[in-house]
Novice: 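One structure coming up, written as structure tokens, with questions to follow.
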Amino acid sequence: MTSTTYSDNSFDSTLISWYLKHKRDLPWRETTDPYKIWLSEIILQQTRVQQGLPYYERFVAQYPTVKDFAAAPQDEILRLWQGLGYYSRARNMHTTANHIVDELGGTFPTSYKELLKLKGVGKYTAAAIASFAFKEKVASVDGNVYRVLSRVFGMADDIASPKGQQAFSELANSLISEEHPDLFNQALMEFGAIQCTPANPNCMFCPFAQECVARSNGEQSSFPVKTKKVKVKKRFLHYLVFEHKGMLLMKQRKGKDIWQGLFDFYLIERDKFLTFDALISSLSSDEIWGTGLLETAMDNNVKESPDFKHILTHQRLSVRFFKVELPNAEKLQELSNHLGMSVLSIDEVNDSPKPILIENYLKEYIY
DNA sequence: AAATCGTGGAA
DNA sequence: TTTCCAAGATT
């Protein structure tokens, strides 16, 4: 185990001095409103500042208080969230906002321990809110912190394991500033974000260069240690886009698969790409809808899109769209009933939360 | 404990 | 192209 003593408590003051000189001006650093801090922290989970910033601005403008957030329809929140990914964050936020309004009198919990009970709020986020909004002395340990501490102190613990995470948490909490835990947490993350970066860290002007274990061995790129590897699953999706005069058939995704709560089209998944005819022939009995509809599809204008590739962290999607133009509104309604889908106008489609893949298809071939 | 859950940017 | 991964949480 690496010694966590850092010559007379100078780590925190050195770090904070660096921070005050180099920090970026970010809107969530201008407030101590726990609602806005919560909002920013959830948005920034696994998300770069540059990507999350415009979303934060839009959410604050649309929902100035947790009460406004709670009162909003979930679809509206998901639509605002569209493009950020990890949509459970938005769903959990809605649940938590309503919990705070209905059960906690509209007031956020004020301690790390209580914040941790909120849905979607884990150790990192609870510590961030507790320190930024309430000055609680608890270290927020994110990916930046793992990187900085592992390098400076030569911590080789695997950050993918709970045991390793605990070790880093203990180290961070041993270093945290007594007077300014909020600044300390901000500073450690900011240091990792713009100075002690994953690739090409700026060791030339690093205030910890002299004592950095990783640098002394020239092994900055070996830290932090992470063993976990994600295996990528390949999937082949075929979408049937039933359309008539600008009206589209869509369905809100449910269950445990990707994109829960978002809208897409009639989906047929196979273990490989199929042509339209082969696809129709492959339909099983429970996939076959009302009589005559297959023929309708076959007989009418079917426009096949070029193939789309869509990459998720753990899935590689190959996607093919077939736009089926139906002859009249009655057919569309009939299909809607059989498939349990909704008939949406272009405006309604636009207002519905959708995966980026679907949005890209719509922009290119429908709108 | 290991899998799952998005998207976009950079090396 | 491939790979990594970014202010993680949940199951």
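Throughout, protein chains are lettered first and strands after them, A, B, ... in sequence-line order, and every chain is numbered starting at 1. The structure displayed is predicted, hence computed values, not measured ones.
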Novice: Would A/Lys354 and A/Arg79 count as a side chain to side chain contact (heavy atoms under 4.5 Å, CB included) here? Give the steps.
Specialist: CA-CA 7 Å; A/Lys354 301 168 290 294; A/Arg79 180 63 184 81; 4.1 Å; yes
Novice: May I ask you to evaluate whether A/His314 reaches the phosphate of B/dT4, defined as a side-chain N or O under 4.0 Å from OP1 or OP2?
Specialist: no
Novice: Between C/dA6 and B/dA1, how far apart are the C1' atoms? Round to whole Å, please.
Specialist: 23 Å
Novice: Which part of the nucleic acid does A/Ile42 contact within heavy-atom distance under 4.0 Å: base, sugar-phosphate only, or nothing?
Specialist: nothing
Novice: Base, sugar-phosphate, or nothing: which does A/Val145 touch, judged by heavy atoms less than 4.0 Å apart?
Specialist: nothing
Novice: The side chain of A/Asn144 lies closest to which of these nucleotides: B/dG6, C/dA7, B/dT4?
Specialist: C/dA7
Novice: Look at the aromatic rings of A/Phe11 and A/Phe208 and report parallel, tilted or perpendicular, splitting at 30° and 60°.
Specialist: parallel
Novice: Tell whether A/Thr313 reaches the base of B/dG6 with its side chain through a donor-acceptor pair below 3.5 angstrom.
Specialist: yes
Novice: Mind checking the P distance from B/dC5 to C/dT2? Whole angstroms is fine.
Specialist: 22 Å
Novice: Would one find a side-chain N or O of A/Gln46 under 4.0 angstrom from OP1 or OP2 of C/dA6?
Specialist: no
Novice: What integer distance in Å separates A/Ile258:CD1 from B/dT7:P?
Specialist: 8 Å
Novice: Could you check which of B/dT7, C/dT10, C/dG8 has an atom nearest any side-chain atom of A/Pro355?
Specialist: B/dT7
Novice: Tell me which one of A/Tyr266, A/Phe276, A/Tyr239 satisfies ring pair (Phe, Tyr, Trp, His ring centres under 6.0 Å) with A/Phe322.
Specialist: A/Phe276
Novice: Check every strand shown and say whether A/Leu26 touches a base, only sugar-phosphate, or nothing at a heavy-atom separation below 4.0 Å.
Specialist: base
Novice: Give me the atom names and distance for the closest heavy-atom approach of A/Ser140 to A/Ala127.
Specialist: CA-CB, 3.6 Å
Novice: Whole angstroms only, please: what is the CG-P distance between A/Asn185 and C/dG8?
Specialist: 13 Å
Novice: Under 4.0 Å between any heavy atoms, over every strand shown, what does A/Asp257 touch: base, sugar-phosphate, or nothing? Just pick one.
Specialist: sugar-phosphate
Novice: Can you identify which nucleotide, out of B/dG6, C/dA6, B/dT7, has its nearest atom closest to the A/Arg89 side chain?
Specialist: B/dG6
Novice: Would you indicate what A/Ile43 reaches in the nucleic acid, counting non-hydrogen atoms under 4.0 angstrom: base, sugar-phosphate, or nothing?
Specialist: nothing
Novice: I need the CD1-C1' distance between A/Ile159 and C/dC4, as an integer number of Å.
Specialist: 12 Å
Novice: Want to settle it: does A/Tyr87 or A/Pro162 sit nearer the 5' end of DNA chain B, counting the closest nucleotide to each?
Specialist: A/Pro162
Novice: Quote, to the nearest angstrom, the P distance that separates C/dA7 from B/dA11.
Specialist: 15 Å
Novice: Hey, does A/Lys163 reach any base, or is it just sugar-phosphate, or nothing, if we go heavy atoms under 4.0 Å?
Specialist: nothing
Novice: May I ask you to evaluate whether A/His310 reaches the phosphate of B/dT7, defined as a side-chain N or O under 4.0 Å from OP1 or OP2?
Specialist: yes
Novice: Between protein and nucleic acid, restricted to nucleotides 9-11 of chain B and to nitrogen or oxygen atoms under 3.5 Å apart, what atom pairs and distances do you find?
Specialist:
none

Novice: Identify whether any heavy atom of A/Ala193 sits under 4.0 Å from a base atom; if not, whether one sits that close to sugar-phosphate; answer base, sugar-phosphate or nothing.
Specialist: sugar-phosphate
Novice: Any donor-acceptor pair under 3.5 Å between the side chain of A/Thr47 and the base of B/dT7?
Specialist: no
Novice: Considering only atom P, compute the distance from B/dG6 to C/dT11 and round it to an integer number of Å.
Specialist: 14 Å
Novice: State plainly whether the residues A/Lys303 and A/Glu325 are in salt-bridge range, i.e. N to O under 4.0 Å.
Specialist: yes
Novice: Exactly one of A/Asp68, A/Val66, A/Thr107, A/Ile129 should register a side chain to side chain contact (heavy atoms under 4.5 Å, CB included) with A/Tyr35. Which one does?
Specialist: A/Val66
Novice: Within the 3.5 Å criterion, strictly below it, is a donor on A/Gln45 or A/Glu41 matched to an acceptor on the partner's side chain?
Specialist: no
Novice: Touch check for A/Gln315, heavy atoms < 4.0 angstrom, all strands: base, sugar-phosphate only, or nothing?
Specialist: sugar-phosphate
Novice: Without decimals, in angstroms, what is the distance between A/Ile311 CD1 and C/dT3 P?
Specialist: 11 Å
Novice: Taking only N and O in the side chain of A/Trp259, is any of them less than 4.0 Å away from OP1 or OP2 of B/dT4?
Specialist: no
Novice: Counting any heavy atom closer than 4.0 Å, what does A/Leu312 reach on the DNA or RNA strands: base, sugar-phosphate only, or nothing?
Specialist: base
Novice: Using atom CH2 of A/Trp38 as one end and atom C1' of C/dA7 as the other, report the distance to the nearest whole Å.
Specialist: 16 Å
Novice: Assess the side chains of A/Gln165 and A/Tyr124: does a donor N or O sit below 3.5 Å from an acceptor N or O?
Specialist: no
Novice: Look at all strands and tell whether A/Gly122 reaches a base, only sugar-phosphate, or nothing, counting heavy atoms closer than 4.0 Å.
Specialist: sugar-phosphate
Novice: So that I can tick it off, tell me whether A/Asp157 and A/Lys226 are bridged by a salt bridge, with the cut-off set at under 4.0 angstrom between side-chain N and carboxylate O.
Specialist: no
Novice: Would you please confirm or rule out a distance under 4.0 Å between OP1 or OP2 of C/dC5 and any side-chain N or O of A/Lys226?
Specialist: yes
Novice: Would you kindly give the CG-to-C1' distance between A/Leu262 and B/dC5, to the nearest whole Å?
Specialist: 12 Å
Novice: Rounded to the nearest angstrom, tell me the gap between atom NZ in A/Lys117 and atom P in C/dA9.
Specialist: 17 Å
Novice: Just N and O in the side chain of A/Tyr146: are any of them under 4.0 Å from OP1 or OP2 of C/dG8?
Specialist: no
Novice: Taking any heavy-atom pair under 4.0 Å as a contact, classify A/Arg253: base, sugar-phosphate, or nothing.
Specialist: nothing
Novice: Base, sugar-phosphate, or nothing for A/Trp28, non-hydrogen atoms under 4.0 angstrom?
Specialist: base
Novice: Does a side-chain N or O from A/Arg316 land closer than 4.0 Å to OP1 or OP2 of C/dT2, or not?
Specialist: no
Novice: Has A/Lys309 got a side-chain N or O lying under 4.0 Å from the OP1 or OP2 atom of B/dT7?
Specialist: no
Novice: Please figure out whether A/Ala160 or A/Ile356 has its closest DNA chain B nucleotide nearer the 5' end.
Specialist: A/Ala160
Novice: In terms of the nearest nucleotide of DNA chain C, which residue is placed more toward the 5' end: A/Ser40 or A/Lys119?
Specialist: A/Ser40
Novice: Salt bridge check, A/Glu190 against A/Arg29: does any charged N sit closer than 4.0 Å to a carboxylate O?
Specialist: yes
Novice: Applying a 4.0 Å non-hydrogen cut-off, can you work out what A/Thr125 is touching in the nucleic acid: base, sugar-phosphate, or nothing?
Specialist: sugar-phosphate
Novice: Would you check, one step at a time, whether the test side chain to side chain donor-acceptor pair (under 3.5 Å) holds for A/Tyr87 with A/Gln82?
Specialist: CA-CA 8 Å; A/Tyr87 297 93; A/Gln82 181 176 303; over 6 Å; no
Novice: In this structure, how many angstroms lie between the C1' atom of C/dA7 and the NZ atom of A/Lys123, rounded?
Specialist: 17 Å
